[in-house]
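Right, one structure below, let's go through it.
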Amino acid sequence: MGLPYDPSSGERMSQYKCSIFRATLSFRESASGPPHLLRGIHFVDDNPTEVNGYYTCNYGERDETEVPRNQPVTVFLDFESRIPGTASAEWFVGSNTKPPPGQQRVIIIIGGQPNGTFTLSDGQPRANVNFEMVYGPIPEPQKKP
């Protein structure tokens, strides 16, 4: 699906491959309460790896004590809103660098924990959720009643 930055430019651009995504963790303090968002998620690897045509980006919580133990936590991954065009613009290098007409880049969960939800404990302080970027239909705008 291409890369958002041209690695042949001579600049050290590898860290930007993952900066186009925004990871967010949330949890509910009570079953009926609103979600509490954790804002300390950051990209933790300055050199994302490529395996079988996929780039691997690793993210983590800046303050791991902020992530609650023994209660469900949900991770979301979306495109960074401060970088325009990440879902639909043509990227610089690679194959299929522009979504087909009527489609855009979308992020889906492909492995790890179902629905991006996991529970950490002292015995299991880490979790993996795997996402993949694919092309999918552009959502129809919601019609006003």
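Just so you know, these numbers come straight off a predicted model, no measurement behind them.
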Run the side-chain contact (heavy atoms from CB on, under 4.5 Å) check on R105 and Y135 step by step: do they pass? CA-CA 5 Å; R105 292 176 187 89; Y135 289 141; 3.6 Å; yes

Q104 versus P139, closest heavy-atom pair with distance: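 In terms of heavy atoms, the two residues are closest at NE2-CD, 3.3 Å.
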
Might you point out which heavy atoms bring P99 and A87 nearest each other, and give the distance in Å?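 Between these two residues, the closest heavy atoms are CG-O, 3.8 Å.
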
Chi angles and distances behind the side-chain contact (heavy atoms from CB on, under 4.5 Å) call for T24, L37: CA-CA 7 Å; T24 307; L37 296 178; 3.8 Å; yes

To the nearest 0.5 Å, what is the distance between CG on L77 and CD1 on I109?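 Interatomic distance, L77 CG to I109 CD1, rounded to 0.5 Å: 9.0 Å.
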
How many angstroms lie between atom NZ of K98 and atom OG of S88, to the nearest 0.5 angstrom?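 That separation rounds to 7.5 Å.
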
Among T74, N128, V129, find the one that has a side-chain contact (heavy atoms from CB on, under 4.5 Å) with F118.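 It is V129, the one option of T74, N128, V129 that forms the side-chain contact (heavy atoms from CB on, under 4.5 Å) with F118.
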
Kindly indicate whether the side chain of [X], heavy atoms from C-beta on, has any atom under 4.5 Å from the side chain of [Y].
X	Y	result
F131	F21	no
V73	L120	no
R69	P125	yes
E80	T86	no

Is it true that a side-chain atom of Q71 and a backbone atom of R28 form a donor plus acceptor pair closer than 3.5 Å?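 Yes, because the side chain of Q71 sits within donor-acceptor range (under 3.5 Å) of the backbone of R28.
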
Return yes if some donor-acceptor pair links the side-chain N/O of R22 with the main-chain N/O of D78 below 3.5 Å, else return no.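 No, the answer is negative, given that no donor and acceptor are paired below the 3.5 Å cut-off.
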
Are M133 and F76 joined in one hydrophobic group, where the rule is that I, L, V, M, F, W and Y side chains link up if heavy atoms are under 4.5 Å apart?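 In one cluster with M133: F76, no.
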
